[in-house]
Amino acid sequence: NAGVTQTPKFQVLKTGQSMTLQCAQDMNHEYMSWYRQDPGMGLRLIHYSVGAGITDQGEVPNGYNVSRSTTEDFPLRLLSAAPSQTSVYFCASGAGVSYNEQFFGPGTRLTVL
Amino acid sequence: KNQVEQSPQSLIILEGKNCTLQCNYTVSPFSNLRWYKQDTGRGPVSLTIMTFSENTKSNGRYTATLDADTKQSSLHITASQLSDSASYICVVSLRTGTASKLTFGTGTRLQVTL
């Protein structure tokens, strides 16, 4: 099993550009989520999904869109990148009771100029 | 407000020494508490999980304790190794409907040196 994979590993964008961060998991987990990690702050939940066709907002959803057309994939779209979105983004999939056991991908480091 | 606070922010110890990391939380209703290890440039990996009724849980050289009354947890690392250099994140799970709500601490950055 590859677990949770993310692409790209690094990305530089200009303000106003759009892009999609890819996330895939091969563990057949129903739950998937996106977090951002900023210096001096704990991971913060952006969006999550409890199954194909179901998505919901987390703590910091503004400026991001998600969709879940398959169990395996959960892409995160930045509609119009802003410097405040410079961060490290982690995708995770969840198992166990209430999906509280989460498996994280390797992360995408995004810089918005 | 649900919060998880960790101390110290950073720690440097010599290889072979022991250390203890602290986690205080105000999350309620509490479901469980996990400690994650995050190597530089990697995603967090779960080390231990503790539920309300558990006081101590070990995973090799890592031992986590939980005092649900005082809402404190600690992670003790015995006979540290260079490979223990990482950030250690305390994560508390809030008991909600379908999906647990996780509150993450900011982590303790541990550096083990020769």
Side-chain angles (χ1 to χ4, degrees), chain A residues 2-10 21 23-25 27 29-51 54-60 68 74 87-110, chain B residues 1-10 21 23-27 29-54 57 59 66 73 86-109:
Chain A
V4 179
T5 58
Q6 291 183 236
T7 56
K9 193 159 180 63
F10 301 95
L21 307 185
C23 174
Q25 53 97 4
M27 296 175 282
H29 289 163
E30 292 182 338
Y31 181 92
M32 296 185 74
S33 56
W34 277 101
Y35 294 89
R36 59 179 289 173
Q37 187 175 41
D38 301 295
M41 303 184 75
L43 279 89
R44 292 181 293 168
L45 182 65
I46 303 171
H47 285 286
Y48 67 97
S49 167
V50 296
I54 306 169
T55 63
D56 207 346
Q57 296 182 348
E59 183 183 354
V60 288
R68 184 93 180 272
F74 191 44
S87 187
V88 181
Y89 291 85
F90 289 98
C91 178
S93 70
V97 176
S98 300
Y99 313 111
N100 65 69
E101 181 176 8
Q102 301 212 2
F103 299 84
F104 288 84
T108 294
R109 182 175 293 276
L110 175 68
Chain B
K1 183 180 178 182
N2 293 317
Q3 286 186 314
V4 175
E5 295 184 353
Q6 294 186 242
S7 61
Q9 271 191 319
S10 61
L21 315 181
C23 173
N24 296 339
Y25 63 93
T26 61
V27 175
F30 173 86
S31 178
N32 59 63
L33 183 149
R34 286 184 184 269
W35 283 92
Y36 281 84
K37 178 186 180 187
Q38 184 176 19
D39 292 315
T40 300
R42 310 286 287 272
V45 175
S46 180
L47 290 174
T48 66
I49 177 175
M50 303 188 72
T51 60
F52 186 88
S53 58
E54 294 175 302
K57 184 165 284 189
N59 178 2
L66 174 65
S73 176
S87 287
Y88 292 84
I89 303 172
C90 176
V91 184
V92 181
S93 179
L94 175 70
R95 191 171 62 243
T96 60
T98 304
S100 297
K101 184 180 186 305
L102 306 181
T103 301
F104 290 79
T106 56
T108 292
R109 183 173 295 275

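Residue numbers begin at 1 in each chain, while the letters A, B, ... track the order of the sequences.
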Problem set entry | residues 36-43 of chain B: residues contacting chain A (heavy atom under 4.5 Å, by number) |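 At a heavy-atom separation under 4.5 Å, chain A is reached by B:Y36, B:Q38, B:G41, B:R42, B:G43.
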
Kindly compute the distance separating [atom1] ([X]) from [atom2] ([Y]), expressed to the nearest 0.5 Å.
X      : Y      : atom1 : atom2 : answer
A:D38  : B:T106 : CG    : OG1   : 12.5 Å
A:E59  : B:T103 : CD    : OG1   : 8.0 Å
A:Q102 : B:L102 : CD    : CG    : 5.0 Å

Can you tell me which portion of [X] sits under 4.5 Å from chain B's heavy atoms? Options are side chain, backbone, both or neither.
X      : value
A:L43  : both
A:Q37  : side chain
A:F103 : neither

For this session: Below 4.5 Å from any heavy atom of chain A, which atoms of B:S93 appear? Answer side chain, backbone, both or neither.
Result: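 Side chain only.
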
For this session: Please check if atom CZ in A:R44 has more than 12 non-hydrogen atoms from other residues, nucleotides or ligands closer than 6.0 Å.
Result: yes

